[in-house]
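Have a look at the structure below, then the notes.
To find a chain, count down the sequence lines: A is the first, B the second, and so on, and within it residues start at 1. Here the structure is a predicted model, which is why all the values come from computation and not from measurement.
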Amino acid sequence: MMQEQNHNGGWVIVLSLVIAFMLTAMPLPDGVDAWRPAWVAMVLIYWCMALPERVGIGISWMLGILLDVQQGAVFGQNALALAIIAYITIKSYQRLRVFPLIQQAIIVCCYVMIYQLLVLWIKGMIGVPPAAWTFWMPAVTSMVLWPWLFIILRDVRRKYKVV
Amino acid sequence: MILILVSVIVMTVDHKQGHLKFVRSTLSTLVYPIQVAVNLPVEAGRWMLRSFATRRQILAENERLRGEQNLINSKLQRYEILEAENMRLRELLGSTIDFKEKVLIAELLAVEMEPDRHLVEINKGTREGVYEGQVVVDAKGVIGQIFHVSPFSSTVLLITDPSHAVPVQINRNGLRAIAVGTGQNNALLLEHLPTNADIEIGDLIVSSGLGKRFPRGYPVGQIAAITHEPGSAFAKVSVSPSAELQQSREVLLLWPHSGDELHSKTQEAM
């Protein structure tokens with residue numbers, strides 16, 4: 001059944017994710033560093049919300065593995081967290097879609113916090129828990145940047161007719 | 001649910017045994033282009049800076065470098081004499097250490113790794129013979145060791161990472177200790193030094209070579225502060241690293257021989 005629907009614009013999804021990876025790896029000055037939004041998680045939430053039948057838990061998990069490799073983290077740390085985020089998003093996408101942008105941003109903040117919490121747990125279990133309170137800052141910056149990201153990705157999706 | 005299970009299994013396996021090195025290094029090659037792309041603007045900036053430098057600037061720099069080289073050469077002469085003398089004395093004592101080490105220069109990639117860990121990425125990998133656990137130094141001192149290797153790049157764990165420790169000794173009196181990373185960029189902690197240990201602020205800390213990973217005698221840092229807490233048996237000694245962990249762009253990879261030879265010597269003796 002899935003094969004018969006015409007999917008197109010897969011490259012847009014891939015490109016947006018590649019850009020998210022690049023933004024994650026981009027060097028930032030020392031102080032600002034801790035405020036880096038969770039780019040990959042945000043872009044993933046968007047695609048899970050917009051096209052839940054295309055971007056699912058499996059893809060999220062694989063992206064997480066790639067993120068682990070890129071960041072030198074323990075295998076599975078980001079994979080588990082991203083897969084769970086994708087799961088929650090796919091469960092709630094119908095509600096998320098009709099929310100006003102501000103409310104969406106707050107929900108995204110919560111989701112990124114769940115993501116951070118999972119990462120924190122895993123790090124704690126491995127034995128290197130981050131001590132600073134700035135660990136939670138990505139959730140806040142993700143919330144602030146969400147409306148812009150949402151609008152940009154929505155326009156891109158409409159322009160290239162990604163379905 | 002299955003994916004959660006798989007994640008947990010994969011994490012445990014990776015953390016405890018490290019059977020997944022092959023997978024990681026394969027996937028790294030996939031991610032490497034992204035990292036190169038991120039590094040590109042920084043590289044381009046440097047290239048522009050180099051290519052648009054005026055002739056006068058280059059001449060001035062040349063002059064300065066020549067002066068520096070003369071200075072270093074004269075120091076090196078003394079050092080060579082000392083090394084020869086040292087070897088002679090060691091031969092008399094019956095324990096030779098080969099000071100010759102193979103060295104390779106690697107460049108840092110301007111790429112961010114996992115936050116709150118002290119990891120950096122360098123542009124040399126298994127193709128150049130880099131191996132896991134290899135020691136990385138810069139001109140001033142020890143930087144860290146190789147954490148993961150992949151064909152084109154590898155990850156360095158800095159000595160300031162909270163999970164990293166270097167066996168060290170105090171250069172002045174040979175007192176041994178272990179320097180543990182704190183997670184801050186500018187501090188290491190010396191663990192388990194009794195309050196009455198003979199240490200002073202400014203003492204040079206060098207690697208002791210005891211863990212058989214870091215070769216002997218590379219500077220690690222200087223003692224920055226000593227606090228005695230009443231009621232605790234150990235002094236709190238913080239060390240500021242001598243390597244420019246935040247600034248150096250080029251690092252040296254070492255292939256030490258001394259460790260192995262020392263090892264085989266002790267094995268024979270046993």
Count the heavy atoms belonging to other residues, nucleotides or ligands that lie under 6.0 Å from OH of A:Tyr160, then report whether that count exceeds 12. no

Rounded distance [0.5 Å steps], OG1 in B:Thr155 versus CD in A:Gln70: 10.5 Å

Just checking A:Leu15: does its CG atom have more than 12 heavy atoms from other residues, nucleotides or ligands closer to it than 6.0 angstrom? yes

Above 12 or not: heavy atoms from other molecules or residues under 6.0 Å from CZ of A:Arg95? no

Answer with side chain, backbone, both or neither: which region of A:Leu67 has an atom nearer than 4.5 Å to a non-hydrogen atom of chain B? neither

Which bit of A:Ile84 comes within less than 4.5 Å of chain B, counting heavy atoms only: side chain, backbone, both or neither? side chain

Given heavy-atom pairs under 4.5 angstrom as the criterion, report whether the side chain, backbone, both or neither of A:Asn78 touches chain B. neither

Would you name the heavy atoms of A:Met22 and B:Ile34 that are closest together and state the gap between them? CG-CG2, 3.6 Å

Do other residues, nucleotides or ligands put more than 12 heavy atoms under 6.0 Å from the CZ atom of B:Arg176? no

